[in-house]
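Each chain gets a letter, A, B and so on, in the order its sequence line appears, and its residues count up from 1.
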Number of protein chains: 2
Amino acid sequence: MTTADDTLRAEAGAALANPSAVGLVAVIVAATDGEPRALTVQVPGQATGRGDGLPYGPLVPEHPTLERGLRAWVERQTHQRLGYVEQLYTFGDRDRQGEDSAGLHSLSVAYLALVREMRPAGLAEASWRNWYSYLPWEDWRAGRPEALAEIERKLLAWAEEAVDPKLRRRREDRLGLTFGLCGGAWNEERVLERYELLFEAGLIPEAQGQPGEACNAEVTGQPMAFDHRRVLATAIGRLRGKIKYRPVVFELLPPTFTLFQLQRTVEALSGTELHKQNFRRLVAQQGLVEETENLTSGTTGRPARLMRFRREVLLERPAPGFRLTPSRRQS
Amino acid sequence: MTTADDTLRAEAGAALANPSAVGLVAVIVAATDGEPRALTVQVPGQATGRGDGLPYGPLVPEHPTLERGLRAWVERQTHQRLGYVEQLYTFGDRDRQGEDSAGLHSLSVAYLALVREMRPAGLAEASWRNWYSYLPWEDWRAGRPEALAEIERKLLAWAEEAVDPKLRRRREDRLGLTFGLCGGAWNEERVLERYELLFEAGLIPEAQGQPGEACNAEVTGQPMAFDHRRVLATAIGRLRGKIKYRPVVFELLPPTFTLFQLQRTVEALSGTELHKQNFRRLVAQQGLVEETENLTSGTTGRPARLMRFRREVLLERPAPGFRLTPSRRQS
DNA sequence: CGGCACAATGCTCAATTTGAGCATAAGTGA
DNA sequence: TCACTTATGCTCAAATTGAGCATTGTGCCG
């Protein structure tokens, strides 16, 4: 038997002998007019990779850090400057990575970026898209999305399909857990799990090798190049979780804003509606914002006070954020 | 100007032309006798990489997914089977990655694993270590750790050191935010931020190029090979956050356990003490556990009821976990 | 100009959820 | 039997939630 010592020595060599192709992908999010948007580019090309995609590029040795590399790529590809950036996840499944580059492993390190204003997207090939056009079942702001009716039907059929009763049981459990079927509750953070489930059930056309399965974009959403929809789903889930305990929403808002704009933005991200009065009470008592002396004007209804994010809270409070208080509309 | 189309085509080639060396690292956690432990191996060798380290190995093309690759490596290197595994973070700073492999970028994809029982660690070179021996300032279970007194002194000195008043101000803010100095509060989740701050302040010997700085292991903790202490810090921070909203602690406990064991485990991970009665009330009303018909025996004090984790809650409740209720001991 | 529709804000109230402790029960070892 | 230790039950006041009602400014429309 080899010792750990030998093993480790051998490994150091193996790392250099087995290099991988590493890509950087960005989910760049903005929220204007109360709609959540992601910056997309047009991916030219072959089978799996075509149509809408996320900005991406390879990691090259010139980049001192992954994040710097990402910023460089995005700014060059979309002419969009990035502010807040956080690492999302590293994807590396061989069978999900689109192109199979001759035995080379190819990884994608995905990042989430939040930008304040949305510029008209430098290049014609880059444009802002409402993220719910890719994942329509995630938008519960106007009540239960219609798409869910058909999705449910197909998912239940998929569960039935399993002959092994244990497998069927497991599928049903997952349906309950992720889609709130079979007595479960809808949890807005489980975006990725829902996408993966649909993928496995063959309802996502990106799942190559799957039978065509009349995939209606109205119902199962617009496809994306490569595995980018999965990356998008990861980003949304992460962001929905994060706004609850970190004041990241403000990265999406202009320097001054009304409480209602703030609420609309939170709702856009979380895909739910909130109780207005309680929302403002929460924000107020958390001391996240302070009043300016200005009011809005020219809008219908009573003018609202303009507020400003209190950057100091980043220092004061340990982990300020929002706890969401859904209104009854939920189910 | 090139079009996005051209740019993307060029990039696809660049990815293959600029491969990277990818490594997998694991933070394998267990908690026995109310102490949090990580599995470490002895790293032989040169300057930056020697001494205690985390199990690691290169990603090779045979691995179908990153996670599978990791499992394979760990089982081969430490003879420890893994249960719960989650991806932590991908590290890729060129100047922090120890060995500079001839222009190749080298990344480490880090994973967090939780294991139930701790086997005596297959190989002599692998052993379980209390994770607070590497980060002593993180253990507040017996009140404010002594090490903090000296750390504070040095950190304040470091802040003073800045000539530019703006820089000094920024450093002080960070001290408040991470270490709770200058009027801030201690947040047990900011493990990584604290480590990084110490690193920048030159109190961590792994920061090569830094002046020796009498780094007393009693105070600033035992060093690790490469950047592994940073990986460990990341893992602890993530786990401390996660136990609050997901029932992952049970991955560390035997099939049946007492409420007090459960509490001790949570305390070990979070590094704080909890209020006993309230803790049990919380656990009870969340329905996370159910009674068995057995009691403990042979221990001092009144025997406790043995409990069992209710796996069903994974399906029922949207996101069950613990909200920690610290006892007054905190400051 | 008076009335309407529509937001913004202020405030109330009951139902829960926390945070802290006191009191009792049930073993072990001397 | 006593002293000690840990497990459990229960209480109580303070703080936080969840739902709504009421009032106040504004632009718009006859």
Side-chain angles (χ1 to χ4, degrees), chain A residues 33-34 185 244-245 256-267 270 272-308 317-331, chain B residues 33-34 185 244-245 256-267 270 272-308 317-331:
Chain A
D33 315 319
K244 290 182 190 159
Y245 60 94
T256 70
F257 48 84
T258 68
L259 287 179
F260 197 52
Q261 269 178 63
L262 174 60
Q263 182 181 345
R264 280 279 180 254
T265 306
V266 172
E267 289 175 335
S270 71
T272 62
E273 268 192 337
L274 305 177
H275 183 273
K276 188 157 156 177
Q277 293 96 320
N278 290 347
F279 178 81
R280 10 177 78 235
R281 178 173 61 185
L282 201 68
V283 175
Q285 84 186 23
Q286 301 238 109
L288 289 173
V289 299
E290 62 191 0
E291 302 187 343
T292 70
E293 66 284 17
N294 301 336
L295 299 178
T296 54
S297 63
T299 59
T300 161
R302 173 173 170 178
R305 167 134 268 132
L306 282 168
M307 313 295 277
R308 174 192 307 128
R317 322 189 86 269
F322 294 102
R323 266 159 294 171
L324 308 179
T325 57
S327 62
R328 65 275 90 106
R329 187 84 94 85
Q330 287 316 301
S331 75
Chain B
D33 316 320
K244 290 181 189 160
Y245 60 95
T256 70
F257 48 85
T258 68
L259 288 179
F260 197 51
Q261 270 178 63
L262 174 60
Q263 182 181 344
R264 281 275 180 255
T265 307
V266 173
E267 290 175 335
S270 71
T272 62
E273 268 191 336
L274 305 176
H275 183 276
K276 187 156 158 177
Q277 291 97 320
N278 290 348
F279 178 80
R280 5 176 85 235
R281 177 174 63 184
L282 199 68
V283 174
Q285 83 185 25
Q286 301 238 110
L288 289 173
V289 299
E290 63 191 359
E291 302 187 344
T292 69
E293 64 284 17
N294 300 336
L295 299 178
T296 53
S297 63
T299 59
T300 158
R302 174 173 169 178
R305 169 134 267 132
L306 282 167
M307 314 295 277
R308 174 192 308 128
R317 322 191 83 270
F322 294 104
R323 265 158 296 170
L324 309 179
T325 58
S327 60
R328 67 275 84 113
R329 189 83 95 85
Q330 285 317 300
S331 73

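- Counting non-hydrogen atoms under 4.0 angstrom, A:Thr299 reaches the backbone sugars and phosphates but no base.
- At least one donor-acceptor pair under 3.5 Å links the side chain of A:Thr296 to the backbone N or O of A:Ala304.
- Rounding to whole angstrom units, CD of residue B:Gln286 and C1' of C:dT16 are separated by 14 Å.
- One atom, CG of B:Leu282, and another, P of C:dT16, lie 17 Å apart when rounded to the nearest Å.
- Straight-line distance from the CZ atom of A:Phe279 to the P atom of C:dG10: 16 Å, rounded to whole Å.
- To the nearest angstrom, P of C:dA20 lies 13 Å from CD of B:Glu273.
- Within the structure, side-chain hydrogen bond (donor to acceptor under 3.5 Å, both in side chains) contacts touching residues 297-308 of chain A (residues at least two apart or in different chains) are A:Glu290-A:Arg308.
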Base-contact (B) and sugar-phosphate-only (S) positions in nucleotides 2-11 of chain D, heavy-atom cut-off under 4.0 Å, - elsewhere: ---BBBBB--
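- A:Glu291 places no side-chain N or O within donor-acceptor distance of the main-chain N or O of A:Leu306, the cut-off being under 3.5 Å.
- To the nearest angstrom, P of C:dG10 lies 15 Å from NE2 of A:His275.
- A:Gln263 contributes no side-chain N or O that, together with a main-chain N or O of A:Phe279, makes up a donor-acceptor pair within less than 3.5 Å.
- The distance from atom OG1 of A:Thr292 to atom CE of A:Met307, rounded to the nearest 0.5 Å, is 8.0 Å.
- Side-chain contact between A:Leu259 and A:Val289 is present, with at least one heavy-atom pair separated by less than 4.5 Å.
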